[in-house]
Amino acid sequence: MSDAPTETTVKITVDGVEIDARPDDLVIDAAERNGTYIPRFCYHPRMNPVGMCRMCLVEIDAGRGPALQPSCMIPVSEGMSVDTESDATKKAQDGVLEFLLANHPLDCPVCDKGGECPLQDQAYAYGPGESRFVEEKRHFEKPIPISDLVDLDRERCILCDRCTRFADEVAGDPLISFIDRGSQTQVNTFPDEPFASYFSGNTVQICPVGALTAKPYRFKARPWDLDQVESTCTTCSVGCRVVVQASRNEVLRTNGVDVDGVNWSWLCDKGRFDFQSIHSEDRLAEPLIRDGDAQTRTSWSVALTRAASAIRGSLDSTGPSGIGVVGGARLTNEAAYAWTKLAKGVVGTDNVDAQLGDGLPPELVLGLPKATIDETATPGGTIVVVGTDIKEELPVLYLRLRHAVVEDGATLIEIVPHRTGLSGIAAHTLTYGPGGAAAVAASLASDQPSAAGGIDADAIVAAKAAIGGGSVSVVVGRGNVADTPDVIAAAAGALHDGFDARFLSGLRRGNVHGALDAGMSPGLLPGRISLDEGRARFHENWSTVPSDRGLDTTGILQAAADGRLDVLVLLGADPLCDFPDHDLARRALAGARTVISVDTLPNDSTRQADVVLAAAGYAETEGTTTNLEGRVSRLAPKVTPPGTARADWIIAAELTFRLGDDLGLESVTDVFGEMTRVAPLYRWLTMGAIGADGVVVPVAPPEPTPVTIGGAGESEDEGPDSGVEADEDGDADVAADPTPERTAPTPAEAEVDGPAVGAGIRFTAPAVEIPQPDGYRLRLVTTRALYDLGASTQASPSLAKLPHGAVLHLHPHDFDRLGVPAGATVKVSNAEGGRGTITVPVESTEGVPRGAASIAFAQPGGPTNELIDVARPVTDVRVEVAP
Amino acid sequence: MPRLSAENTILAREIIARYPLPKSALIPLLHLAQEQDGHVSDEAMEHIAELVEVTPAEVIGTCSFYEMFKREPVGDYLVNVCTNIACLLVGGEELLHHLEERLDIRPGSTTPDGMFTLEDVECIAACTEAPCLQVNYRYFHRITHDETDQLLEDLRAGRRAHEIPKHGTLTRVRQQIPADRRAGAAVPGECETPVWLRTDEPASEGAAT
Amino acid sequence: MSDGTTPAGEIPLMVTGRFSYDDAHTLERSRATEGYEGLRRALDTGPEAVHSETKAASLLGRGGAGFPAGVKWGFCPPDVWPRYLVVNGDESEPGTYKDRMLMERDPHQLIEGSLICAYATGCAQVFLYVRGEMALAQERIASALNEAYEANLVGRNIMGSDFSCDVILHWGAGAYIVGEETALIESLEGNRGFPRLKPPYFPAAKGLYMQPTIVNNVETLANLPWILRNGADAYTQFGAENSKGTRMFAISGHVKKPGVHEVEFGTTTFRDVIYGRCGGIRGTHSLKAFIPGGASSPWLYEEHLDLPLEKATIDQAGSMLGSGAIVVMDETTDAVKAAWRLVRFFARESCGKCTPCREGTSWLEKVLRRMLDGHGRPEDLGLLLDLSDNISPKIAWPPKQTTICPLGPSAVSPIASAIVRFQDEFRAYCGGGEIPTSVEINGKAYVPPEGAPAGV
Ligand SMILES: Cc1cc2nc3c(=O)[nH]c(=O)nc-3n(C[C@H](O)[C@H](O)[C@H](O)COP(=O)(O)O)c2cc1C
Ligand code: SF4
Ligand code: FES
């Protein structure tokens, strides 16, 4: 947790030394910040104190004489004196420790926690030699699984209430509890009701003993074999800070790091455990090229030459518009910049899109006033969530918003196509009929709300009344890909005009925001500026700049399908799985003359590619990444890529070289330096400014100069033994960043004046025409589930089995009309024809509005993308009982 | 194993309505479940969790804290012998041993015929009437070994059924609150100064809620 | 008098007055004997008057702590609503038998007392928390409440006044710790009976649902009707300087006639009740020790017999009147076994929330049990006392604690009492052993027999 200075301070003495404490400090925190660590087991800085374990007892004198008090429960008060070393304190702490150890199995040699166990450490630091406890110890059945990912050893548990408090207070999943009483107390689940929480791994991280262990890590290594670097999770766009821990070139564990602005030390289980995919035996380890039907391994020079000649051929025959680049959300910022420079600055095509037709217009994401996570979670503020289920798509943002609502009195309004993981704590959940988001938002924003989107007026009036005078932040995402993104865009526009709200993007892919900032979208150049706005400047730095706006992914795929595209480059993109319209994707991959895929794991699309370039992935590359706030933070390499796989930016540089040009980029530091020079967005951005917590761009000019410019050195100082240490509270200290000081701006920097960031990106809400629903059809709504058929999940053995599978959800009214028992299977097909049919089980739920048919995207057993035709604004389906 | 019956569910809703917050009804509802089945089944706990809007894990967390709730079936008659200090001094242990012998079971277990469960319990607030025991929480004060034998006798023969209901039924009289007399639950956040404390305005109808 | 009645003596029976009637639990009998007259008077005089009347009577809490009720009521922060009254009828302290009697024999008196308190303090709802194992008390209170609702004595616009208040009968389910007021509140919220930390969770400020909450013992509230009927002046005619009115004591164990007696508070001595009311030690036996105020209180001895049953005096002597539970032990009593049995109680009843109590009390119990089973070791004496010191530092009185609530330290009193007074009995079980000088024992009542060396 950062040490933001507070204006007023309280003076207290700790062991005779006077210190300044914050008015709201607890004694245990004030003492620690001033260098006195009071031992503790139950206290955790991100949860409410309970004062149960009694390990933090110290003598406190608040005026009425010294008395033993739990320092985790007592707020500081002026003139208070604290004695952490008195005989009484020591005796009490030793006593508590002896009590904790009395029934403890002391099986440290075979315990995962051995070597990093606070109980073990305390025992060495304070405890007497051999135990005075000669009685029979308490016995429980050895480790029992409490979920698919977590085991519990009740004999080791010290009943600190951390896991149970986390489950209840933080995750909102009170599925584990204390059971029985007194010395027989245990932590457990209800019989046959596992601790099925998306956040269960956090309990392992905060367990102060080895009671809770993670199956993916059990017996894998001992702490002293691990070394670690601090990095950023790129599983989704929240960008949680993590430590990546590895041994013998294998990543074995990731833990959350406590960053005030982002994840508060928490991680979701997907982000925590999908590191397993790094070492999947399926990883692409060297380039492949197609001859005939087969793909065969080849050398980089052969593969790159083949790729280059395809591009050159297209340039000669068709010109730049014959080439399209799809994807980029997997890349680092530096790789995204390099690939943008290759595509737009060398090849000269503007057919570049980091999104896969399942996102939002970049003008919306970049052009609307932005809110950070902290601003969105402002105590007492209003949060409006539009179009997305944040618990499924951005899990740790869900924790932050949940905390804002449950603990800090924020008001939550949802405008969503189906009930979500947040609906339980939302003041109002407006579940609109497919296509209805815009109408509902417009009605909400108007002076006399009226019925809209299938929601009656009263509900909207009530929601409007709940929107307080305070700040209004809108989290806007696209959970449903079965209707046009314009409905969400129009909704955002209405809320912007109606409440002058600020916006937090709900786009979920790892570095999609970094890719957009790097210009990986039609009409954009690096640094949130439009083609026209930036053309002049980029001509000075690049060989060329696209003459006019190009195609987005849908356009590119359409062109490919129509035979108008020579080269389709897939940057970590799998359109066959992720693009909403499978039929179009299939025709596109067949229609493109050459498909070049740059990826880490094989997927349906790479298997169709003519050239496959094996890329280094997470924990293998250095650089930076950008989260949904626009926060740039560091990525650190910990292990070497498999085979000859190499970093995406290097692949771009080498491909350019074979095209007879030169990106002029020799190192990640080069790329970073050029970005900060040419893109106004990144001006003043330095490795120093990024620091341990990351920094939201644009960065305010540091005054006074001198300025620190990120220079050589990051790569070294993030080496295997970087100074990062994460304890079980997720606190981490990062080695200070030795970036060289540069006193004066370079000429290049001096040039970086010109239009304000994003000034050229104007968001104008589109008008949407939604056809009237036809009573006999149902309208498709797709949802996202945290665990799906995505590559990283499927390549992680501990997660691969977790997707629930596709189930069609209907409103009870429609369900009854269908007249089948719950669980029966039905055939779902596009009512307009021309698309496929899927057969899935059906369930009834109040969670979806009448007339809607809701089904999760990319789940086993239901290729939902077979049903969608992106040419239509909504997807009407016919549902029949399967024979 | 059953959930709460239809009529017990109605009763449960009535009980919940008496409290400012539903979870406060948890213990009364667990008693209701035990009255219905003689013990608290997993299914009943799940049903109660739905009724008071918590998770089953929270219900078992509370349920398992309290000795009176049995999550496994026990005998029709739960015989609790106090052996705490006052009883210990005047024959509590001897009484317990006598019952162990007569029933041929150890404390904490149930006779094969499912008739009796014997327990060695803490003070039951009859200290001046020691030695003493309870059968399904009905007291027997200053009881001799012969009287104890007679009591077992009668219970086996069903002669005490009128005064001692089967295990689970605690009280045979329920509190009834007539709708027209009900002051109403005082819900946090929905109450202002009670009318009878207001000095300014004249007393108005209704409760402080 | 095992039925608890007292021969009409020089002092009025303020809470057990109706016990001589078999139908004292009915509304009819209650009404015929001034039942609800106190409430009527309260409604006539107004809330402030009732509060000051209670303060003037200096009615001390009867649940154990002996805190003045009127003062406690004043701790509720002004203008925070709703407030609640929780009636503590969880009586489970070993040796204690009075609240059950008050609830079974005269439930209307308790209901009336509760309503008087709720009226004075502005409580919008009363929860009558009755110990789970007391089936008859629950039936009697349920019937009484049903009668009282019908008669408009509880509920909406009580007796036609603007005072409206529901009284909800709530049962426990078997957990001694729930008698502790903050655990009682947790239990009433439907949770495990875990005590809350004080500070910050003093019920008067942050109680039930974090609202201001008054917790009073059954006997405490049962005094209010008499006080309201006869006035504070009449009440303070009886009792000693700092302990007014009457008080119920249960005298059990090795006496000829165990029984519950309502006696004048603060003037009656232990000798009066043990030798007077209860006829002295059984048979030809002699007094060894007695527990003056429930299992948690340090033991007293022959030399304490002439102390008056008065709060301050007994506190002074290093023990407490606690819950009015006097348990008498004659010379046949095995001090080690008695101590073990009391410690087993606390070990079994520990809620498990805090470490020293959860692990410490069960450890102490295991050591004592091992000694009784013939496996005592000379070092056990020192071990018992050092573990005790880790639960209750300096083995002082009033006790200090490393625990959250006083339950843990309660297990220390019987051990310290027995070891100090009856060292030889312990040595016999331990094959010798000494009290190590490293442990301090400061409780004033932890005294060796006259003449004998303290050994500490
Ligand atoms: C471990 C423990 C058990 C207690 N048990 C009871 C009890 O059974 N009944 C009771 O009235 N008070 C009990 N108390 C005291 C209560 O906490 C509280 O002080 C009392 O109910 C206040 O009522 P009073 O002021 O009228 O005495 C207990 C306290 C402790 C620490
Ligand atoms: S499992 Fe760990 S965190 Fe949970 S109570 Fe036990 S020791 Fe504490
Ligand atoms: S000790 Fe047995 S009833 Fe109290």
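Chain A is the first sequence line, chain B the second, and so forth, proteins listed ahead of strands; every chain is numbered from 1.
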Heavy-atom proximity to chain C below 4.5 Å, by part of [X]:
X: Arg138(B); answer: side chain
X: Glu163(B); answer: neither
X: Gln134(B); answer: side chain
X: Asn80(B); answer: neither
X: Pro20(B); answer: both
X: Leu21(B); answer: both

Neighbour count >12 (heavy atoms, 6.0 Å) for atom NZ, Lys166(B):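 Result for NZ/Lys166(B): open.
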- prompt: Does atom CZ of Arg156(B) have more than 12 heavy-atom neighbours, drawn from other residues, nucleotides or ligands, at distances under 6.0 Å?
  reply: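 Yes - once you tally the heavy atoms of other residues, nucleotides and ligands closer than 6.0 Å, there are more than 12.
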task: Determine, using ring centers only, whether His170(C) and Tyr19(B) are less than 6.0 Å apart.
output: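 Here the rings of His170(C) and Tyr19(B) have centres that are less than 6.0 Å from each other.
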query: With respect to chain C, which residue among Arg181(B), His31(B), Arg174(B) yields the maximal number of heavy-atom pairs within a distance under 4.5 Å?
result: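 Looking at each of Arg181(B), His31(B), Arg174(B) in turn, Arg181(B) comes out on top.
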field: Side-chain donor-acceptor contact under 3.5 Å, Thr62(B) with Asn191(C)
entry: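 The answer is no; no qualifying pair exists.
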query: Does a salt bridge link Glu43(B) with Arg3(B), judged by any charged N lying under 4.0 Å from a carboxylate O?
result: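 No, this pair does not count.
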